Amino acid sequence: MAKTIFEWDYSDYPGAKSYPHLFKPIQIGNIIVPNRIKYTATEENLNGLDGFVTDQGVAYLRERAKGVVGGLCFMQGVYMDEARMGQGYVGQAAAWDDKFVPGLKRLAEAIHDGRAVAGIQLMDCGRVGAVDVEYGHGPSAVPQRLRIFREMREMSKDDIKEMIQQHVDAAKRGVEAGFDVMEISGIVGYLVSNFISSYTNRRADEYGGDIRGRMQAVVELIQGVRAVIPDDMPLGIRLCSEELLDDVRGNTPEESMESYKIAEEAGADYISCTLGWQESIYPVISRDIPMGNWIHLAKRAKEHVSIPISMAYRLFKPELPNEKIAAGELDIWEMCRPMIADPLMPKKVLEGREEEIRHCVACNLCLARLFRDAPMTCYINPICAHEANPEFADPPPAEEEKEIMIVGAGPAGLECAYVAAQRGHEVHVYDKRQEIGGTLNEARNAPYGDDELWTCVEYQKVMCEKAGVQFHLGTEVTEDLIEDEMPDSVVLATGPLYSKPEVSGADSDKVVYLLDVMAGKAETGERVVVWGNRKPGIGCALHLAKQGKKVTLVGRDKTAGFDVNPSFKWRYMIYMRQNGIVAYNDCEIVEVSDEGVVVETYDGYRWPISCDTIVIADRAPNENLKNAVQSEGIELFVVGDALIPRNLSSAVHDGYRIGMRI
Amino acid sequence: MPVDAEKEITRLWKALHSAQDEIGKTYYRWRQVAIEFAGDDVKPMDVALRAAEVFGKDIGKSILPRMNWLKGEEGFMMILARALAGLWINDGGNANVEQGESPGEIFIKCTRDPWPTWAKEFGVPMEEVAVCREKMYQSILEDVSVFMNIPLGIELQKAISRGQGETVMRLYKAE
């Protein structure tokens with residue numbers, strides 16, 4: 001009879017009524033999981049460089065365990081070899097020795113404290129591994145496509161046997177640590193997927209050849225692990241349903257489905273359906289990919305195997321997974337990025353508090369940081385990776401309750417407002433606009449998914465309302481108003497100033513401002529120069545190019561999108577090329593005339609660009625009101641772009657940090 | 001047929017940058033070869049410093065035809081300093097010269113240097129970039145000093161590759 005680890009009764013919860021299929025149980029192997037929610041194994045680089053679990057890592061996972069409200073919660077994938085060829089991330093947890101068991105036990109207990117089902121994942125990073133050693137290992141020594149990864153050495157048959165044994169030994173440690181579910185990672189370029197893929201497995205022995213041959217090591221792995229874990233411990237595997245490696249002769253979709261069938265035959269109790277590789281040229285989880293874009297792959301998987309199928313990949317909201325589970329096209333709603341942004345996301349769904357969800361904006365900053373050996377943080381969640389710090393995670397009440405004036409109802413001001421109000425301050429937010437959101441009102445009009453950025457403001461609005469923040473919209477803050485109100489503190493969140501180049505002709509009628517263009521209040525001609533090559537300029541350039549304009553981007557930064565995280569920036573570069581946008585970086589505009597502009601490079605070369613309109617996207621800090629506040633002796637803070645023009649993430653993080661400290 | 005100035009110039013500009021990029025990459029590829037041939041008993045820094053010496057000697061010989069005494073000692077030193085700054089500019093950097101407080105002293109300041117970026121791509125220590133620049137310039141001056149019969153010295157005071165924001169070389173007349 002199947003085992004139930006924790007009993008949960010969802011019947012009284014509004015979310016269970018709205019999304020009944022998400023909150024019904026499922027049998028996986030020999031256990032019953034109370035719901036269809038899974039927080040999937042996520043590398044966060046919060047463990048020690050020696051592979052030991054840290055307080056930060058435990059605190060991070062503890063929050064996610066609360067969030068799954070009884071569902072599956074996985075710790076990150078562990079590497080299993082002392083030589084560290086399988087280690088893909090500097091802060092990846094290790095399981096190659098019994099000394100790591102106490103730490104793993106802490107993680108299992110943290111998950112159980114949340115009354116969730118604890119999962120551990122075995123992850124030899126293969127081609128993406130060897131983060132800190134000279135070379136990695138794989139089925140064949142295929143050169144790396146991406147220079148940041150190490151050279152590969154071909155594994156001998158003894159090496160393969162040893163690797164399988166390492167998985168088996170690590171599995172035993174996972175059992176000893178108290179985990180309930182075991183999972184093998186076979187995705188995105190990690191070792192298991194390297195064996196399965198025709199791109200990276202060129203072997204002629206029994207571990208290579210056709211798909212059955214390439215799956216042989218995986219079969220032995222599954223069977224080896226299966227043999228050492230209890231009968232009531234399900235064993236799952238994450239496998240690519242589509243590698244998206246057609247350009248390098250990777251697996252066909254048919255071969256991928258064959259791998260699913262073989263995994264089921266070998267003894268897997270469930271499959272987590274994934275797609276893409278780090279080396280793939282196709283984006284998978286960035287914001288430019290519409291939500292739900294890949295869900296059909298779960299359905300296809302269901303047509304090939306009988307064991308449960310789970311899937312993540314741009315499934316950020318509950319409606320679609322609920323619908324697909326009802327239709328029999330999916331069994332478990334997996335999440336990674338959404339629960340980085342909001343660890344309690346499924347809990348809020350269950351409790352009918354969806355408006356309080358801080359949605360992931362699919363920027364992939366979390367990934368960018370991992371690949372640059374940094375602890376993971378979240379673009380939109382300031383608390384992420386700081387869960388162990390009580391000051392951050394749960395800011396204490398203010399020692400002295402103050403009346404706080406926040407000037408600007410954009411993301412920086414709103415974030416500061418609700419955090420400060422939650423701590424007991426009386427908070428008044430002023431904005432000369434009639435609506436909240438600041439410059440995000442215009443920014444969300446940029447193409448390729450930027451409308452999703454608005455979810456940040458929607459969340460902040462709800463939090464402000466719940467915290468009792470008072471809004472004064474359509475009110476411009478002046479020196480007189482400050483003098484009249486005399487608040488205890490002022491937070492300037494006024495956004496940036498858009499600065500024209502200080503050159504002859506810059507006062508021409510053909511010069512317009514980005515915000516007016518994005519709001520549809522300023523017309524542009526057919527040929528446009530956008531001055532300022534950071535994200536706002538790129539968004540504006542794409543917005544105009546989509547309207548059929550011939551757009552040239554000119555800016556001081558050495559590369560366009562200097563402020564965009566590398567895991568997303570490449571998408572913009574491709575879209576700029578596709579839309580015919582020419583970018584001149586490391587350049588200044590030195591003259592504006594009736595014909596257009598003259599551009600000068602950092603090394604002194606000049607040329608003319610013909611254009612009808614110049615859009616100013618270059619920003620400067622906003623010093624307005626600083627003197628007025630300081631002259632009154634009022635405590636002053638400046639946040640967001642008003643301090644230094646950066647991005648939405650900086651605005652949110654600035655706002656949070658000031659709100660928790662003021 | 002009208003010439004599209006933007007198109008023509010930017011083609012040239014991009015070609016120039018590609019060519020400049022190859023300068024650094026070629027140098028560091030050869031460095032790798034040299035280190036492999038030198039073997040494990042030789043320190044890479046010693047190989048690099050020897051290379052800087054050889055480069056400097058050759059560049060020094062090519063500078064000699066441009067030396068002009070007719071502008072006087074200070075004029076000659078300024079021509080020399082500009083030539084040294086020009087080495088950076090050729091590679092894609094930004095450099096200029098500034099007269100020092102004393103007549104026999106000129107500062108060559110580089111505010112944009114492509115060499116640290118190339119070095120990083122090949123895993124070369126940043127300190128090597130700094131000391132090799134100094135060594136190269138000292139080697140350039142050996143023949144120039146003898147040729148003009150003026151003892152010249154050059155010293156590295158700051159380096160971008162040391163995180164100091166700019167590279168400053170002090171060219172001086174050694175008493």
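In this text the structure is predicted, and so the values were computed from the model without any measurement. Naming: A, B, ... by sequence-line order, numbering from 1 per chain.
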So does [X] have more than 12 non-hydrogen atoms from other groups sitting under 6.0 Å from [atom1]?
{"X": "E121(B)", "atom1": "CD", "answer": "yes"}
{"X": "W570(A)", "atom1": "CH2", "answer": "yes"}
{"X": "K135(B)", "atom1": "NZ", "answer": "no"}
{"X": "Q578(A)", "atom1": "CD", "answer": "yes"}
{"X": "R162(B)", "atom1": "CZ", "answer": "yes"}
{"X": "E154(A)", "atom1": "CD", "answer": "yes"}

**Study point:** Derivation and outcome, side chain to side chain contact (heavy atoms under 4.5 Å, CB included), residues L12(B) and Y605(A)
**Key:** CA-CA 10 Å; L12(B) 270 170; Y605(A) 300 99; over 6 Å; no

What's the spacing between [X] [atom1] and [Y] [atom2] if we round to 0.5 Å?
{"X": "D4(B)", "Y": "W607(A)", "atom1": "CG", "atom2": "CH2", "result": "12.0 Å"}
{"X": "E6(B)", "Y": "R606(A)", "atom1": "CD", "atom2": "CZ", "result": "14.5 Å"}
{"X": "D603(A)", "Y": "I89(B)", "atom1": "CG", "atom2": "CD1", "result": "9.5 Å"}
{"X": "Y584(A)", "Y": "T10(B)", "atom1": "OH", "atom2": "OG1", "result": "4.0 Å"}

**Study point:** Option in V582(A), T552(A), D586(A), V599(A) with maximal non-hydrogen atom pairs under 4.5 Å from chain B
**Key:**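 Looking at each of V582(A), T552(A), D586(A), V599(A) in turn, D586(A) comes out on top.
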
Check your understanding: Considering all heavy atoms of both residues, which atom of W13(B) and which atom of C587(A) are nearest to each other, and what is their separation?
Key ->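 Looking at all heavy atoms of both residues, the closest pair is CH2-SG, 4.0 Å.
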
Check your understanding: Which answer fits L16(B), side chain, backbone, both or neither, if we ask what part of it has an atom under 4.5 Å from a heavy atom of chain A?
Key ->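 Looking at L16(B), just its side chain touches chain A.
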
